[in-house]
Amino acid sequence: MSLALYDTRTRRKRDFEPANAAQVTMYLCGPTVYSYAHIGNFRPAVVFDMLFRLLRSKYGADNVVYARNITDIDDKINQAAHEQQVDISVITDKFTAIYRENSSTLNILSPNLEPTATGHMDEMINLISRLLENGHAYQAEGHVLFSVSSFEGYGKLSGRDLKDMLAGARVNIAAYKRDPADFVLWKPSSETEPSWDSPFGAGRPGWHTECSAMIEANFGTTIDIHAGGQDLIFPHHENEIAQSMCVHEGVPLARFWLHNGFLDMGAEKMSKSLGNVKLVHDLLKDWPGEVLRYALLTAHYRAPLEWSENLLSRTRTTMDRYYGTLRRLSDVTASLEDAPKGFVAALCDDLNTPQAMAKLATLFKQANMAKTDADRARVKGQIQAAGVLVGLFEQDPETWFQRDDDDAAQIDAMVAARFKARQDKDWAEADRLRDQLNALKIVIEDGPNGSIWRRG
RNA sequence: GGCCCUGUGGCGGAGUGGUGACGCUGGGGAUUGCAAAUCCUCCUACCCCGGUUCGAUUCCGGGCGGGGCCUCCA
């Protein structure tokens, strides 16, 4: 089944074919580790994790290389380190660890590579040197700047014209810039800022440099897929393209550019500067990671998604139903199946998760209605195969329902006592026990061979 | 000011030139000792005005509304 992906550069959906099917390459702009990530930061992580899973199933797990970088040089990091009077590594190590832990809770696979800026200092300096040598960059007052007018293709990705941008630009234009749109490749550091030696003086790299350098170091000149949030289209990705193409004689940096849309909080986007963020760290106190993952996949990845309490509780309701189905099938041995065609087709159509989830709903309905063991085994196998592709429904249903086990034994006993009362047709006692359990927010489901329970 | 996206039922959210997914919610029913779960079923929508067309929610133009980028930002 062919995979179509919407490519920002060409502004249309195109059939995806890797340059080399034995090594499909994909790069996602990952987090800047200066603080807790909010749920919006995890939308690309989840969406492109799903793409990673899809590519692995299509080309073979060993033939896909996925890099998600960690930005560990940044002024916000510097600020945090300065405020706490610690080395920047104290900040970046801490929040890198938290980011990885959150990722794993959202069932995000580890990428093959997690390159860091500090780990690629030589490569960045080397890249900047080459840009200086070939005339695409210049030095001014301790800075090295990229000269956008030296690159004819500047603005192609974002569909911008340099002249138009200046019209309403709110950029503070540094006097040493030859062109207001020129961006910093290297800048001098103050006493309190981290600094690295370089041929252009002691200082630190500009933000855009790291991705170009890391891609070159790990993949070479061109990758198949470069992904990130929509806000990175300009200037970040535009600048990466400029840098990379100017040291690679015009060879494209990426064959496909994928960008996810934003989470909305009511009328506006979720953003730290607007102060309306939901930290994953906090959300995980109230919701299972899998609910967050599923919720992020309820809208198409390029469309805005309204993030709300309502979305989360709705998602949990759905997942309770589905895990309930899986629990009833727990003694059925799943047969080895492919994910249903319609489900895969939806994902292959530019990662249309809403449509894929609709197929999943059908699948669970089929599971609920299955009459024979063979049917049950087949549908369960299909559900599992579909689940692997999107990273959902991979855990044990019992784990899902019994989140804390403190009082599980006591509840088991009450449920057993109630089942016995029902067998004795002592309805009064059975109802009394059920009321007691309901008061503990326990929901009972009676079956022919016993009763099961879950937390409501 | 420039560029881009978007407007679907009570809610979320797909899709399509001709019977308008899917889920949640609400009504009815089957089932159940009663429930829960499950299944069946019903109600409710394509911003407005033009145009193209046999026919538009879908294509085109205009309007109005919402959002994003142009500055760190997923």
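Residue numbering restarts at 1 for every chain, and letters A, B, ... go by the order of the sequence lines.
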Considering every strand shown, what is the Watson-Crick or G-U wobble mate of [N] when both distances are under 3.5 Å?
N     : answer
B:U38 : B:A30
B:U71 : none
B:G9  : none

Base [N] paired with [X] side chain (donor-acceptor, <3.5 Å):
X        : N     : answer
A:Arg434 : B:A35 : yes
A:Asp431 : B:G33 : yes
A:Lys359 : B:C22 : no

Closest nucleotide among [options] to the [X] side chain:
X        : options             : value
A:Trp427 : B:G33, B:A14, B:C40 : B:G33
A:Arg321 : B:C69, B:G23, B:A74 : B:G23
A:Pro354 : B:G33, B:G13, B:C69 : B:G13
A:Ala361 : B:G13, B:C22, B:G2  : B:C22
A:Leu311 : B:U38, B:G12, B:C22 : B:G12
A:Lys365 : B:G13, B:C73, B:C39 : B:C39
A:Gln355 : B:G23, B:C70, B:G15 : B:G15

[X] and [Y]: side-chain donor and acceptor closer than 3.5 Å?
X        : Y        : answer
A:Glu240 : A:Tyr27  : no
A:Asp349 : A:Gln355 : no
A:Trp453 : A:Asp412 : yes

Reckon [X] touches a base, only the sugar-phosphate, or nothing at all at heavy-atom distances under 4.0 Å?
X        : result
A:Arg454 : sugar-phosphate
A:Asp446 : base
A:His300 : sugar-phosphate
A:Asn352 : sugar-phosphate
A:Ile452 : nothing
A:Gly447 : nothing
A:Ala303 : sugar-phosphate
A:Gly228 : sugar-phosphate
A:Arg422 : base
A:Leu232 : sugar-phosphate

[M] and [N], which share atom name [atom1], separated by this distance in whole Å:
N     : M     : atom1 : value
B:U71 : B:G63 : C1'   : 32 Å
B:C22 : B:A14 : C1'   : 8 Å
B:U32 : B:G27 : P     : 22 Å
B:C47 : B:G10 : P     : 13 Å
B:C46 : B:A56 : P     : 14 Å
B:G2  : B:C60 : C1'   : 24 Å
B:G12 : B:C5  : P     : 23 Å
B:C72 : B:U57 : C1'   : 40 Å

Got a sec? Which of residues 100-111 of chain A come in under 4.0 Å of RNA chain B, heavy atoms?
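Of all residues in residues 100-111 of chain A, none places a heavy atom under 4.0 Å from RNA chain B.
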Starting at atom [atom1] of [X], determine the distance to atom [atom2] of [N], rounded to an integer number of angstrom.
X        : N     : atom1 : atom2 : result
A:Tyr294 : B:C24 : OH    : P     : 9 Å
A:Asp264 : B:A74 : CG    : C1'   : 13 Å
A:Gln230 : B:C3  : CD    : P     : 18 Å
A:Glu445 : B:A36 : CD    : C1'   : 6 Å
A:Leu297 : B:G23 : CG    : P     : 18 Å
A:Asn260 : B:C73 : CG    : C1'   : 12 Å
A:Ile233 : B:U71 : CD1   : C1'   : 16 Å
A:Asp75  : B:C72 : CG    : C1'   : 9 Å

Are the side chain of [X] and the backbone N or O of [Y] linked by a donor-acceptor pair below 3.5 Å?
X        : Y        : result
A:Arg376 : A:Val332 : no
A:Ser147 : A:Ala137 : no
A:Lys380 : A:Leu329 : yes

Closest approach of A:Ala299 to A:Pro304 (non-hydrogen atoms, all atoms of both residues)
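Heavy atoms of A:Ala299 and A:Pro304 come nearest at CB-O, 4.2 Å.
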Taking all heavy atoms of A:Asn107 and all of A:Arg53, pick out the closest pair and write down the distance.
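What the structure gives for the nearest pair is O-NH2, 2.8 Å.
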For RNA chain B, whose closest nucleotide is more 5', that of A:Asn368 or that of A:Ala299?
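With A:Asn368 and A:Ala299 compared, the 5'-side residue is A:Ala299.
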Let me know, please, whether A:His236 or A:Phe364 comes out on the 5' side of the other along RNA chain B by nearest nucleotide.
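Here A:Phe364 is the residue nearer the 5' end.
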So if I apply the ring pair (Phe, Tyr, Trp, His ring centres under 6.0 Å) rule between A:Tyr322 and each of A:Trp400, A:Phe401, A:Phe393, which one comes out positive?
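That would be A:Phe393; it is the only one of A:Trp400, A:Phe401, A:Phe393 passing the ring pair (Phe, Tyr, Trp, His ring centres under 6.0 Å) with A:Tyr322.
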Establish, for the pair A:Arg160 and A:Phe234, whether the NZ or CZ atom is under 6.0 angstrom from the six-membered ring centre and no further than 45 degrees off its axis.
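Yes, a cation-pi geometry holds between A:Arg160 and A:Phe234.
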Would you kindly check if the NZ (Lys) or CZ (Arg) of A:Arg68 is within the cone defined by 45 degrees around the ring axis of A:Phe48 and under 6.0 Å from the six-membered ring centre?
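No, A:Arg68 does not lie over the aromatic ring of A:Phe48.
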So, is A:Lys269 near the phosphate of B:C69, with a side-chain N or O under 4.0 Å from OP1 or OP2?
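Yes, because at least one side-chain N or O of A:Lys269 sits under 4.0 Å from OP1 or OP2 of B:C69.
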Does B:C73 have its OP1 or OP2 closer than 4.0 Å to a side-chain nitrogen or oxygen of A:Trp207?
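So the side-chain polar atoms of A:Trp207 do come within 4.0 Å of the phosphate oxygens OP1 or OP2 of B:C73, strictly under.
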